[in-house]
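Residue numbering restarts at 1 for every chain, and letters A, B, ... go by the order of the sequence lines.
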There are 2 protein chains.
Amino acid sequence: MIFEKEILKKIDFITENELKEEILKHGEILSFKKGDVIVREGQYVKILPIVISGLIRVFQTKEDREILLYYVEPSQTCMMSLSACFFNNQSPSQALAMTQTDILAIPSRFITQWQKQYNSWNNFVIKTFRKRYDELLDTFESVAFDHIDKRVIAYLARRKSQQESTRIKISHQQLANELGTTRVVISRILKQFEMDGKLVLHRAEIELL
Amino acid sequence: MIFEKEILKKIDFITENELKEEILKHGEILSFKKGDVIVREGQYVKILPIVISGLIRVFQTKEDREILLYYVEPSQTCMMSLSACFFNNQSPSQALAMTQTDILAIPSRFITQWQKQYNSWNNFVIKTFRKRYDELLDTFESVAFDHIDKRVIAYLARRKSQQESTRIKISHQQLANELGTTRVVISRILKQFEMDGKLVLHRAEIELL
DNA sequence: GATACTGTGTATCTTTTGATACCGTTTTAT
DNA sequence: ATAAAACGGTATCAAAAGATACACAGTATC
């Protein structure tokens, strides 16, 4: 059971009390288990998900490879859903629950309505677009100009700071998928890092030093 | 002199007559010559530019290299300006007039106001964000997964369709900057294409066949 | 017309990354 | 318990792209 108090804590970027009430009234909590598909490619999207707890991975698949768009963390929403709701489009991407995840589902009809009525909602919408753009630009720059070893380090560092632990559970294959390369390349680089004393490798787990 | 009729033609995505009048009333036409800097990095942005004629190049500079974000064509606006106006931020990027360019400058205070009042304006705002995101994603994918020769061809094809001519005025060095690589690589690839009979090279100009 | 700058062709060498293949270990499923 | 799948180490080879260097032609400037 999720209490209203917890929900309100996650949407503290909403300043108008009236809007808070509306959100609690019209939003519905949906729960997903690890590995559940939340949105399929091509599916029409009727709700906007705001993550209350857990983590959602949003990605596209193109010719048997995945392109990671972004993760949706608590207090955030999915830009692609936002856009799809807005224009009543099909979703161009897939969303997957990475862990047990609870979302607050807002029916799409409220999105533009609230944008007009509530400043903080409109801010939320615009910030979501801008944030994802900046993230993508970051990724783009690192793909364009950095070597893979640097990207691996950056990825691990980000994971470390997100989860407050130096042990990162991920297989070489998964890491390769995240960075858009192959398993052999990742194994090679990680081994080198281990020899340099930067980390220790365990099965499906990387321990940062 | 730019006539109201021409302006209205360029903003035909605006459906409300009332808004059209407001735009004509509060917007101001600004003209730039080829090469003029329209926005500097770090500058506060007080107006939203809608291009009436010409072309604007929006890019960032990082450690002596340029990162092209996008071009703003007639009827379009600059996402970065939109975002900067919205949050009263400094512009993280530079904008440069590629040719003689006329813009319709909308004072920033109207942006959110009109978003609330006019659906077509809000659509314009959201579409701008989404469009630039999609473009960036496209570029990202081609950088991540395509070889440079394919990217060169794609770049030339886009330029061709934009300007309705098979002769593209660009030097190898400029082309290298656009694609984030070096002159030698571009010369090498273009020469190969010429030998394959796909194009003819002239000085600072490429003729597509 | 001399000079400097820009644009281009091309050769050589190196680094990075990808592709493939093979092997052993550990975990999972039946 | 046994087979299958997932995980990872490593070697070899090839391709793509970057770095550097040099030559020379066209263009602009004075």
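- A search for side chain to side chain contact (heavy atoms under 4.5 Å, CB included) contacts involving B/Leu24 returns B/Glu4, B/Ile7, B/Leu8, not counting sequence neighbours.
- For DNA chain D, the residues of residues 136-147 of chain B within the heavy-atom distance limit of 4.0 Å (strictly under) are B/His147, sorted by number.
- Listed by chain and number, the residues in a side chain to side chain donor-acceptor pair (under 3.5 Å) with A/Gln43 amount to none (sequence neighbours excluded).
- Recorded end-axis angle for the helix from C/dG1-D/dC30 to C/dT30-D/dA1 stands at 50°, based on five pairs per end and rounded to 10 degrees.
- A/Lys160 meets the side chain to side chain contact (heavy atoms under 4.5 Å, CB included) test with A/Thr166, A/Ile168, A/Leu208; sequence neighbours excluded.
- A side-chain hydrogen bond (donor to acceptor under 3.5 Å, both in side chains) check over residues 132-141 of chain B, counting only residues at least two apart or in different chains, returns the pairs A/Lys62-B/Glu141, B/Gln76-B/Arg132, B/Arg130-B/Asp134, B/Lys131-B/Glu135, B/Arg132-B/Glu135.
- Within the structure, no pair that satisfies the side-chain hydrogen bond (donor to acceptor under 3.5 Å, both in side chains) test touches residues 90-99 of chain A, not counting sequence neighbours.
- Within residues 174-184 of chain A, the residues having any heavy atom under 4.0 Å from DNA chain D are, by residue number, A/Arg183, A/Val184.
- Residue pairs that meet the ring-ring contact (aromatic ring centres under 6.0 Å, His included) test with at least one member in residues 139-197 of chain A, sequence neighbours left out, do not exist here.
- Protein chain A touches strand DNA chain C; the 5'-most and 3'-most nucleotides with an atom under 4.0 angstrom of its non-hydrogen atoms are C/dT16 to C/dT27.
- Within residues 186-209 of chain A, the residues approaching DNA chain C are A/Arg188, A/Arg203, by heavy-atom distance under 4.0 Å.
- Applying the ring-ring contact (aromatic ring centres under 6.0 Å, His included) test to every pair with at least one member in residues 67-113 of chain A, sequence neighbours left out, gives these pairs: A/His26-A/Phe110, A/Phe110-A/Trp114.
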